[in-house]
Structures are given as C-alpha cells and as structure tokens.
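Working notes, structure below.
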Protein chains: 2
Amino acid sequence: MMKRNTWQREAVREALDTTEGFISAQALHSALHASGSPIGLATVYRALGDLASSGEADSLQSPDGEALYRACSTAGHHHHLICRNCGLTVEIEATEVEAWAKGIAAEHGFTEAAHVVDVFGLCADCTRPAATTESPDRAG
Amino acid sequence: MMKRNTWQREAVREALDTTEGFISAQALHSALHASGSPIGLATVYRALGDLASSGEADSLQSPDGEALYRACSTAGHHHHLICRNCGLTVEIEATEVEAWAKGIAAEHGFTEAAHVVDVFGLCADCTRPAATTESPDRAG
DNA sequence: GATGGTTTTGACAATCATTATCAATAACAC
DNA sequence: GTGTTATTGATAATGATTGTCAAAACCATC
Ligand SMILES: [Zn+2]
Ligand SMILES: [Zn+2]
Ligand SMILES: [Zn+2]
Ligand SMILES: [Zn+2]
C-alpha cells in the first residue's frame, strides 16, 4: 500500500503552512474553497489526519472538543503557547516539564508515560487594554 | 436566579464520587440507569457541567474529543496522572510546572496564562507483562 | 502514450456527543 | 399551602467526524 501524491494533499499541506496558528478541518476546508479549490471535506479530514500521524502537523483538542491542526515547524517533540484570542501560536520546548512528567510517572509506578502540555493566554497584542473597544479578529 | 437542590444533582455528584478515574457524561448516565435511576441524559450533562465550572469536578477532553469528568478531591488547582488502560487517576501538584508555565508565558509577552498539563501512562498493575493475556477492564 | 492494478477522492449518508426546546414538574420562600 | 421560578427530561436539532463506494487519479510498466 504505497502512498500517492495528489494535488489535494499538497493543497492541504500548503494551506496549513500559510495559516497562522491552529485551525480546524472545517475551517481549512472553507478557506480552500474560498480560494477556489474544489477539494472535498472528507479529503481535508483525511489529509490532516495523515499529516498529524506522520508528525508533519501538530494537533490538539480545542476546549469544545474540536480537533485543531497546525503546520509543525520544529521537528522533534515540543509544546505550544497559544493566544486564546487571536490564535497566535509559539512552539516551545519544555525540558523541565519533560523531566518532571517522566519523574512523576515513575514515582507512581507508571510506565510508557506520555503527556499533554499546552499553555493558553493572551498574546502581547491581544493584551493591550481591550479598552480600545476593537479586538483582533478571531480565526482568519 | 438561585440554585436549587435536586436529587438529580445529588445523584450525579454521588455517582461521580464513587467512580474511579474519569468518566464521560454518557457513561455516567448509563451507570445511573443501570443502578435504577431514571435520571435524564440532558440532566447529567447539565449537572456535570455545573460541577466542573464550580470546581467540584475536573474535566478534560479525551483524545477523541469526548469530555471526561472526575470528582475532584483536592480543592485547588492541580493536575493528573492517568492510566490509559484502566482509568486509574492520581491527582498531583506540580509547583515546578506552575512556575514554568507562568515563566514561559511571560517570556513571550503572554498574559492571563492558563495551562493544560496531564500525564498519561500505564499504572503499575497495567504494566505487568500483558503477556498474561488477561488485561484489567476498561472503564467500569 | 496507452494500459491496468490500486489508491484516493468526494458526494452523501450515517454516527455520535452535545445542546436547544419547551411544556410539565418540583423547590422553596413566604 | 401557594405562587413564583429554576429544573427536568423526552425529543429534536446541531455539528463535527467517519463510513460508503463508484468514479477518477496515480504511477509503474508496456
Ligand atoms: Zn493574540
Ligand atoms: Zn513534552
Ligand atoms: Zn491501570
Ligand atoms: Zn497547573
């Protein structure tokens, strides 16, 4: 079962690359359609799933259970600092946490420890006194 | 709009208390029904939502986007070490992680930082060579 | 360039968790 | 007890994700 290259997969990869922050499969599909692509929704789901499992994309569950994806720039294992207002995402290393997680697991007799570590907050821009009434757009 | 006490809410709280590890709204509803309670599904969802937002219960999103709940024994903010096989959960404090999260956020100009930090693994019991063919039950 | 076995696609149906409805019911202050 | 009002629950609605499967696209080979 050899993988084949299709413009659809390439389109998804590219769309994801040009997207700032995390985006849902639905949103990415809309974006592609908006830019004229006739790609199907199911295909976007499949492509994103593949990218995620091959490590080319990061994925996480939004608080309301939606799966979000993001082009992954750092090769190895890493985590994210995400602006909950504009979606801006920073890839971060968490050496301390890696060690801590491993330690706490061992300490309790757990093996094969994996972990979920994400930090959400307001980026510098979004922090500027919301007093200015205007707030940055949410998800492009 | 004053909150009222109903046997339904109490039932949910109790069911959650007697449950080891995290459980979904659907599963908790089934469990209640199984034990003879005629409580409605929507009510279970509402009760769990309330418990979670009042801090009496912890909640997290399972990898497949399901919301899971657990009676919270520790009052303050804390994290979890969860057995991905049997659901056994250990509440853990992580002073280091708190500091790290706060630091990394500030370092990047982020404010109002919150974080999601959970460790998944196999507990000591579940680690015993799966060679014994038999494995502990999943979710009660 | 044509051919053929396979993989991939996509329109649409099917799932499945969660939320919205809204009339009937139960809490509780008086 | 009575009235006001929050709560319940059967059911419909929503919305994301997955399954289906014939048609289309890939690509190694002729
Ligand atoms: Zn922002
Ligand atoms: Zn890590
Ligand atoms: Zn276990
Ligand atoms: Zn914490």
Q | 5'-most by nearest nucleotide on DNA chain C - B:Arg4 or B:Leu68 | A | B:Leu68
Once you round it to whole Å, what is the distance between [atom2] of [N] and [atom1] of [X]?
X: B:Leu41; N: C:dC16; atom1: CG; atom2: P; result: 14 Å
X: B:Met2; N: D:dT4; atom1: CE; atom2: C1'; result: 10 Å
X: A:Ile39; N: D:dA24; atom1: CD1; atom2: C1'; result: 15 Å
X: B:Lys3; N: C:dC28; atom1: NZ; atom2: P; result: 13 Å
X: B:His33; N: D:dG9; atom1: NE2; atom2: P; result: 8 Å
X: B:Leu60; N: C:dA17; atom1: CG; atom2: P; result: 16 Å
X: A:Tyr69; N: D:dT17; atom1: OH; atom2: C1'; result: 9 Å
X: B:Gln26; N: C:dC16; atom1: CD; atom2: C1'; result: 8 Å

Q: Check the side chains of A:Glu98 and A:His79 for a donor-acceptor pair under 3.5 angstrom, ignoring hydrogens and angles.
A: yes
Q: State yes or no: are the ring centers of A:Tyr45 and A:His29 separated by less than 6.0 Å?
A: no
Q | Check: A:His115 ring centre within less than 6.0 Å of A:His77 ring centre | A | yes
Q: Considering non-hydrogen atoms only, spot the tightest contact between B:Phe110 and A:Cys83 and give its length.
A: CE2-N, 3.5 Å
Proximal nucleotide (of [options]) relative to the [X] side chain:
X: B:Thr6; options: D:dT8, C:dG10, C:dT18; value: D:dT8
X: B:Ala67; options: C:dT18, D:dT8, D:dA16; value: C:dT18
X: B:Tyr45; options: D:dA10, C:dA17, C:dA11; value: C:dA17

Q. Which value, rounded to the nearest 0.5 Å, describes the distance between B:Leu16 atom CG and B:Tyr69 atom OH?
A. 10.0 Å
(Q) Can you say whether a donor on the side chain of B:Arg46 sits under 3.5 Å from an acceptor on the base of D:dG9, or the other way round? (A) yes
Q: Respond yes when some side-chain nitrogen or oxygen of B:Gln8 is under 4.0 Å from OP1 or OP2 of D:dG9, and no when none is.
A: yes
With heavy atoms under 4.0 Å as the rule, sort [X] into base, sugar-phosphate or nothing.
X: B:Asn5; value: sugar-phosphate
X: B:Glu66; value: sugar-phosphate
X: A:Arg9; value: sugar-phosphate

